[in-house]
A.B. asks: 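Sending over a structure as structure tokens; questions will come in a sec.
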Amino acid sequence: MAGLAFQAVTHRFGRRVAVEDMNLEIAAGEVVCLLGPSGCGKTTTLRLAAGLETVQAGRILIGDKVVADDAGALPPEKRQVGLIFQDYALFPHLSILDNVAFGIARRGAVAEAQAALDKVGLGDRGRSFPHMLSGGEQQRVALARALAPRPAVMLMDEPFSGLDVRLRDRVRDETLALLAATGAAVLLVTHDPEEAMRMADRIALMRAGRVVQLGTPEDLYNRPADAGAARFFAEANTLRARVGAGQGAETPLGTVPAGQLAAGTAVEVLIRPHALRPVAAGQGVPVRVVRARLLGADSLVEFAVPGLDALLSARLAPPALPPAGSEIFLALDLAQCFVFEDRGGDTK
Ligand SMILES: Nc1ncnc2c1ncn2[C@@H]1O[C@H](COP(=O)(O)OP(=O)(O)OP(=O)(O)O)[C@@H](O)[C@H]1O
């Protein structure tokens, strides 16, 4: 059963379309990440589901109940949604326990709030006030507060972006485990592809108000729908080429299969820096190293290829740190190369 569903939802601010024809179903117990660049409509989508924006066209369902369409809407507090925002929005003048109890409109709210705090490991901090807690602890209080009323849907807007990088991974994992135990449908907004890949069962990649691709993290990373989707997940070398008679795009680094694209089609070939691997002299393609730097887990090697003006980049596993000016030989891992019809850059 769909925990949360958007059906043909469009939303405008004046003449600006923020969300266009959104169709998305999130099952109970599923985590879907809305991913995309700033201004693509992620937060507006979340606010529509929460009831903080009025639905102008289309409808939104929670469970099998319509909560908003152009005829009317259920107010936010009647929707059974939990909300977590970037700034946690805790009430500074209320104790941690009262913050968590705030959203529970039932008898026994304090006992339930205490149980929610226990779940996030802060059972002994109920009498503290928000300013007495670290960022990670405040995030856990916000999670406890959102979970305590046992929502059917959890809406989260960049919930980890305020956290220290070292803390973030742990808090993400703990949050996922707690959410999984509740069985809520989770819609999480992020602009960070790695966060989406780490958290999501499925990712909805948005651009200019529209979902351009919906699928598992593996689908989006390994089978991007267009050049923009491929570039959003990982930097890539972009070459302009044409499809040859054998249906491969011919580049100075080798031929890349072009699927069903007809011979002669102008294409963009995206080659991820990880797609290039060093091979023995005489194999692959000879290239001239211009710069090489060790980045930790791998080395970033910029190189020139005969026939191309721009420099290209490869990420090679250490100890490969070839000196500037040297010649090395590279081969392509075709699984990390993508060919798209060249439409003049409308997917960036
Ligand atoms: N209250 C508003 N009034 C007018 N325009 C708005 C309003 N809220 C959002 N917009 C516009 O709608 C579009 C989508 O905004 P939204 O906040 O949903 O994007 P976003 O993907 O969440 O961006 P970010 O990652 O920067 O938060 C943007 O062009 C934004 O400027």
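If you read the sequence from its start, that first residue is 1, and numbering goes on from there. Atoms within each ligand, like the ligands themselves, are counted from 1 in listed order.
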A.B. asks: Quick one: hydrophobic cluster around Leu94, which other residues, with the 4.5 Å side-chain cut-off, linked directly or via members?
C.D. replies: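 Noted: Leu94 shares its cluster with Phe91, Phe102.
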A.B. asks: Under 4.0 Å between a side-chain nitrogen and a carboxylate oxygen: does that hold for Arg207 and Asp226?
C.D. replies: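 Judged by the 4.0 Å cut-off on N to carboxylate O distance, Arg207 and Asp226 do form a salt bridge.
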A.B. asks: Taking only residues at least two apart or on different chains, which pairs with a member in residues 322-338 satisfy side-chain hydrogen bond (donor to acceptor under 3.5 Å, both in side chains)?
C.D. replies: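 Listed by first then second residue: Arg272-Gln336.
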A.B. asks: If you count only heavy atoms, which residues are under 4.0 Å from ligand 1?
C.D. replies: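 The 4.0 Å shell around ligand 1 contains Phe13, Arg16, Ala18, Pro37, Ser38, Gly39, Cys40, Gly41, Lys42, Thr43, Thr44.
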A.B. asks: His11: which residues meet the ring pair (Phe, Tyr, Trp, His ring centres under 6.0 Å) condition with it, sequence neighbours left out?
C.D. replies: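 Ring pair (Phe, Tyr, Trp, His ring centres under 6.0 Å) list for His11, sorted by chain: Phe13.
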A.B. asks: Salt bridge between Arg170 and Asp173, side-chain N to carboxylate O under 4.0 Å?
C.D. replies: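 Not counted as a salt bridge, because no side-chain N and carboxylate O are separated by less than 4.0 Å.
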A.B. asks: Does the distance from a Lys or Arg side-chain N to an Asp or Glu carboxylate O, for Glu268 and Arg231, drop under 4.0 Å?
C.D. replies: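 Salt bridge flag = yes for Arg231 with Glu268.
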